[in-house]
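Only heavy atoms go into these numbers, but all of them, side chains included; no hydrogens, no water, no symmetry mates. Each chain gets a letter, A, B and so on, in the order the sequences are listed, and its residues count up from 1.
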2 protein chains.
Amino acid sequence: MMAADDAGAKTSLQRGLAILRVLAETDESGPDSGSGMRLTDIARALELTPPTVHRILKTLLDEGMVEADKTTKRYRLSVDFFALAARAGNPGNLRDVCRPIILRLSATLRDTIFLLVRSGFDAVCLDRSEGPVPIRSFTGDIGGRIALGIGQGSISILAFLPEEEREEVIRFNLPRMHGLGFLDEVYLRTEIARVRELGYASRSTGLLPGMAGVAVPILDQQGHAVAAISVGTIAERLNDDRLPVVVDILKREAAGVSRLISPFDPVLRRPASVLGGSGP
Amino acid sequence: MMAADDAGAKTSLQRGLAILRVLAETDESGPDSGSGMRLTDIARALELTPPTVHRILKTLLDEGMVEADKTTKRYRLSVDFFALAARAGNPGNLRDVCRPIILRLSATLRDTIFLLVRSGFDAVCLDRSEGPVPIRSFTGDIGGRIALGIGQGSISILAFLPEEEREEVIRFNLPRMHGLGFLDEVYLRTEIARVRELGYASRSTGLLPGMAGVAVPILDQQGHAVAAISVGTIAERLNDDRLPVVVDILKREAAGVSRLISPFDPVLRRPASVLGGSGP
DNA sequence: CGCCACCATTCCGTATATCGGAAAGAATCG
DNA sequence: CGATTCTTTCCGATATACGGAATGGTGGCG
């Protein structure tokens with residue numbers, strides 16, 4: 001069980017990470033974002049005493065992970081921390097491998113392209129390149145998360161997970177989805193079957209009016225999804241004429257990526273897994 | 001505050017962060033990127049004993065900041081960590097405020113737009129939106145760093161720092177620059193003077209052949225630079241006809257941002273409640 | 001095929017960093 | 001201008017982290 005506020009944190013490292021997480025929450029988009037948190041607020045949120053928070057914050061400050069506004073005494077995650085993260089999230093070179101493809105696709109299709117990767121029960125947006133047409137999407141920005149099953153890219157990953165994992169994700173995510181959309185289990189399973197059959201996910205879910213998308217999974221050697229390439233655009237741009245063309249291009253690119261990731265290394269008995277272990 | 005602030009990490013939190021940093025280094029682009037590090041490599045790099053590294057890695061693993069490939073025993077930063085830190089780097093809402101502007105600019109100008117922010121002696125790329133023309137740049141990707149003074153966006157920040165800070169940065173960065181480019185101090189100071197006079201930085205530095213850029217600083221209330229908006233494109237697209245137009249558009253947008261950031265309200269103005277309202 | 005070398009992992013006594021109550025400065029509010 | 005809330009420092013008791021030593025694995029090499 002993963003409580004949001006880490007009631008079981010015992011070590012100072014865990015407390016430090018908890019503080020980073022709490023700061024990240026207030027740094028996300030919103031009216032107060034960027035303004036940061038005060039020491040006592042952090043202490044309250046994490047059920048720590050002010051001296052403890054103060055000491056840890058001082059360390060985080062010295063290490064450059066956190067920055068403080070000296071006048072307002074408010075703490076927030078630093079730009080350095082942001083820059084550090086840019087070097088993460090590249091499992092199996094996936095992001096590096098896909099960047100040129102993403103750029104090429106958005107230039108060719110003149111739509112916004114997303115690279116999504118699975119992380120636990122979510123899909124996370126690893127990269128994106130905007131087309132000229134502004135769109136809205138579930139994952140939105142780089143680093144954005146969405147439950148596996150919501151949105152074309154996300155569902156195309158879910159559809160091509162190993163059956164056991166797929167069931168586990170569905171079990172876990174259905175309750176979460178009821179809050180976000182109006183998907184019921186029957187609909188979800190129908191969609192998954194369709195995606196598996198077609199090899200791509202499309203159609204507007206109706207959750208974002210006027211928006212539409214297509215996505216294809218990126219499969220590993222075993223034919224299981226590790227990621228997805230997704231096109232987000234307005235509904236008119238995915239009509240019956242254009243859709244097949246886009247799908248065709250996407251499938252070709254995805255197949256190319258499949259060949260490039262986890263290149264067979266004779267030393268290893270198995271290809272390196274692209275997936276992380278951030279599951280249950 | 002005695003001495004001993006030196007490189008020798010003492011607390012477990014510092015060691016944990018050091019491990020994250022070391023993992024970030026090997027995760028950056030390169031032939032081995034994405035493959036991760038082994039435990040003993042980390043131990044050697046940080047001059048720690050294997051048991052210590054093992055214990056800390058276990059914590060980081062439990063906390064989801066690090067993921068390990070079970071077969072190869074290699075550790076790397078997790079996608080979760082990536083998602084976490086992607087929420088940082090939004091000082092004073094700067095990124096949120098600028099995103100629509102970045103998108104609008106890249107759609108209008110059909111070039112690649114960067115948002116750079118100062119971090120210490122560097123400029124860091126906070127956001128970017130690619131135009132149809134592929135380009136190369138110093139900062140490159142989101143999260144990329146470049147010494148203040150190299151590149152149009154970077155130098156336009158440097159030029160509009162308070163004089164004292166500007167001198168400090170120049171002193172610190174000149175030695176670093178000699179490795180990167182061929183800038184000498186006279187040239188740098190000439191450029192800075194020119195940028196201050198014109199209010200923007202342009203001209204191809206010649207460091208990236210065929211590439212060109214224009215950038216304008218984003219100023220705070222005191223007229224000091226906190227960030228810059230930069231256009232990166234190929235040299236032909238910044239000829240004498242187009243350059244003034246682009247500069248004009250950029251200046252207008254930058255002025256708009258200046259008004260939006262840190263709306264310093266001298267009266268007692270607490271931004272609602274920090275914990276408050278619509279929690280996710 | 002089997003030995004060797006290196007690596008990951010566990011154990012545990014010692015040493016030390018961490019914790020938080022108490023209280024002194026700051027800032028803020030009424 | 002006094003009251004309240006918050007930040008920061010101090011310090012002793014204690015829990016936690018450390019790393020040497022030993023164990024279990026895994027790949028490399030002869």
Undergrad: Specify the angle, to 10°, made by the local axes at the two ends of the helix from dC1(C)-dG30(D) to dA24(C)-dT7(D) when five pairs are taken at each end.
TA: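 That helix gives 50° between its end axes.
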Undergrad: Can you give each donor-acceptor pair under 3.5 Å made by side-chain atoms of residues 44-51 of chain B, sequence neighbours left out, with the distance rounded to 0.1 Å?
TA:
residue, atom, partner, partner atom, Å
Thr49(B), OG1, Thr52(B), OG1, 3.0

Undergrad: Quick one: does Gln14(A)'s side chain have a donor or acceptor within less than 3.5 Å of a partner on Thr11(A)'s backbone?
TA: yes
Undergrad: For Phe114(B) versus Cys125(B), what's the shortest heavy-atom pair and its separation?
TA: CD2-SG, 3.9 Å
Undergrad: Would the distance check show the side chain of Ser154(A) and the main-chain N or O of Ala123(A) forming a donor-acceptor pair, the cut-off being under 3.5 Å?
TA: no
Undergrad: Tell me: CG of Leu57(B) to C1' of dC18(D), nearest whole Å?
TA: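 Interatomic distance, CG of Leu57(B) to C1' of dC18(D): 15 Å.
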Undergrad: Cut-off 3.5 Å, side chains only: do Ser78(B) and Asp80(B) have a donor facing an acceptor?
TA: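 No donor-acceptor contact under 3.5 Å links the two side chains.
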Undergrad: Are Leu126(A) and Ile142(A) side-chain neighbours, meaning at least one heavy-atom pair lies under 4.5 Å?
TA: no
Undergrad: Is a donor on one side and an acceptor on the other found under 3.5 Å between the side chain of Asp220(B) and the backbone of Gln222(B)?
TA: yes
Undergrad: Going 5' to 3' through nucleotides 6-19 of chain C, assign each nucleotide B (protein heavy atom under 4.0 Å from a base atom), S (under 4.0 Å only from sugar-phosphate atoms) or - (no protein heavy atom that close).
TA: -SSBB-------SB
Undergrad: Do Asn90(B) side-chain atoms and Arg95(B) backbone N/O form a donor-acceptor pair below 3.5 Å?
TA: yes
